[in-house]
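What follows is a single structure, written as structure tokens, with notes after it.
Throughout, protein chains are lettered first and strands after them, A, B, ... in sequence-line order, and every chain is numbered starting at 1.
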Amino acid sequence: MLKTAADIIAQAADIGADESLDLLEVPPDPALGDLATTVAFALAKHLRRSPVQIAAEVAERVKTAIDAEPLFERVEVKGPYINLFLDRAVVARFVINAISETGPSYGRTRDFEGKRALVEFPAVNPSKPWHIGHARNAVLGDTLCNVLEMVGFEVIRLDYINDLGLQIAQLTWRLMDGDLQPEKGEKYDHFLGRVYVDIQRDFESDPAVERAVREVARQLEIPDSDEARFSEKMVSECLKAQCQTAYRLGIYHDYQVWESSIAHSGLLDIAKKMILKCPSVMILQEGEKAGCIVAKLDDLEEFKGMKDPYKVLFRSDGTRTYTGADLAFQMWKHQIIEDPFRYVEFEVQPNGKPVYRTTLEGHRHDLGKVDLVFNVIAAAQAHPQRLIYNILELLGYKRESENSHHIAYEFVGLEDTEFSGRKGTWIGYTVDDVLDRAEEIARIEVEKRNPDASDEFKNRVAGQVAVGALRYFMLNASPDRKITFRWDSVLDFEGDTGPYLQYSYARAQRILERAGDEGEGGDATLLVTPYEFALVKALSRFPYEVVQVVRGLKKEVRGTAFSSNRLTEYAFEIATLFSKFYDNCPVLKADGDLRRARLALVRAFRDTIRNCLQMLGIPVIERM
RNA sequence: GGGGCCGUAGUCUAGCUUGGAUAAGGCGCCAGCCUGCGGAGUUGGUAAUCCCCGGUUCAAAUCCGGGCGGUCCCGCCA
């Protein structure tokens, strides 16, 4: 449609087709037209004549051209703007046919078929329950995967489990003797989180505690120590509890890479040997960093003139820094380093698929080469992420460096405080707490509308509404903007929210149910009211919107922006247009052909919003 | 000191990449639509120096320069 319009205008105004496409826009009010071109402004410059005059002349030539083009009905000039009107009947038939032919796969494209992507998220420490900040990461990551799959990518969903961190050492130290146990009914991740906040006080005030914990941390690095064995059980149990939260949100993974595997599989040694071959990596002989393996950053244009250009990858005692481990991990993700991991099944997820974890004993898996790697990490980590990608380039892996993406997002905070693991300010704001509370509120609403339904139904729908509300809330905010958590906005199910979308689907579904099997086919050329046509036009944009978001995944200084909000915005737009159509165009009460035509439009909307919701991970609810 | 991000009605946000018609939406508030396919809806109204100053341009919320305010980041830490 766009292309046809652009070609006609290009002919009429004597400009290039690409330029013409750039000059196309959608008028602010549909009454002005469906498409507009600002070509008159562009020409006014060279021709040194009034754009209004030029518009009139170009429009004359456009007018004769569209007489031969069934897609367009007429052209109008409004000052310097040339506005095109689509032939509603022709477009409606075209769009509705296209959607009904593809149905469940409408929105899927093959733009990136054959490409593979690896996405890491959310990498929560296995020492506490997920709080709502983690939910932002997880929901963004999961939705990114869905979106990539929509455009043809094969996606590997990966989680990183830091089972060797200081937090784990603290918990191991405190819990190993077994005198502390979860309270009755307490989820294990919540239990650890509670204990962890307690330990913090002692750890920070009592040097003896700190020494003891450091010793445990050292023991954890030894694979068969008592500490390591206890810790593995503790971490597994915590992770299983955390997974329950993930599953509530509809989030699943393919693999977990545990830090202990990175440490003991030989990955680090291989990486160390490989990077030492690079001229920009060296062991410093003197200075404050003597004995460290460092990357010399000012060999890169970007870091020219740094005071201290040396970034430590391995300390003088031979141990890895975060950057060092992360670099090795990133090399592994790109399969620059041959996979040293063994894998075992961690558990079977509710979606029926197993998630595998890395171990030292188990079988090998071939993950294969990937084209793109995405790390979903807070925006605050932009600098360390960039370092890793830059060092990758220093090592000679330019392509892998370019194909490494940091999906950056801002924190979720409270009105006056940030979430802090140490201070325990997250207490009361775990994902479980938020979902529980949202479910309670949703349950009241479901009860109001379906007093006679079963408890099973009410609870299920309340859960789906709660998840829909939370996921939408996270996705609808532009990732580079901080979210201030307020209960009333998460618990709001009206207006620009997830439940509104779910409701619009349920409404459409009810109409179709009541219509039964009748009304197949139908003559879409009857759909010419502004309400119907606005919906038709919007539905036709779905595949384009998805591809646009993927094309928008470009590298920037701050990381790679993923405009999840464009997708929620689109979903909200079609749901709103459907509501307006619903209020203005009776479907079941219409007669004959018109009824069948409108049913076809409802079906097209239903298919589109369903595919959209699935992509966003918002539960599709048949009745609510 | 250097760098990133943010600043838009009472409030929360979208739009900024690629300049274009009356700055869009949610919440709030006011007034309608329930003997209409489900009111988690819809119609109308209210409400903005688009942080400030300057520049580029026929045209700036959008691009450029300089400020101001908020926030994050720049360790052999984790």
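As judged by a 4.0 angstrom heavy-atom cut-off over every strand, A:Asn83 is placed among the base-contacting residues. Using a 4.0 Å heavy-atom criterion, one finds that A:Asp480 contacts the sugar-phosphate atoms exclusively. Residue A:Pro384 is out of contact with every strand shown, counting any heavy-atom pair closer than 4.0 Å. Nucleic acid contact class of A:Lys307 (heavy atoms, under 4.0 Å, all strands): none. Across all strands, A:Tyr322 comes closer than 4.0 Å to base atoms (heavy-atom distances). Looking at heavy-atom distances under 4.0 Å, A:Ser478 makes contact with sugar-phosphate atoms alone, never a base.
Residue A:Asn565 has a polar side-chain atom (N or O) positioned under 4.0 Å from OP1 or OP2 of B:G15.
Between the side chain of A:Arg449 and the base of B:A40, a donor-acceptor pair under 3.5 Å is found. For B:A40, its base never sits under 3.5 Å from the side chain of A:Asp492 at any donor and acceptor pair. In the interface, the side chain of A:Ser316 is paired with the base of B:C76 through a donor and an acceptor atom under 3.5 Å apart.
Ring-to-base geometry does not place A:Phe572 in a stacked arrangement with B:G25 (centre distance under 5.5 Å, plane angle under 30° required).
At least one side-chain heavy atom of A:Arg507 sits under 4.5 Å from a side-chain heavy atom of A:Ser579.
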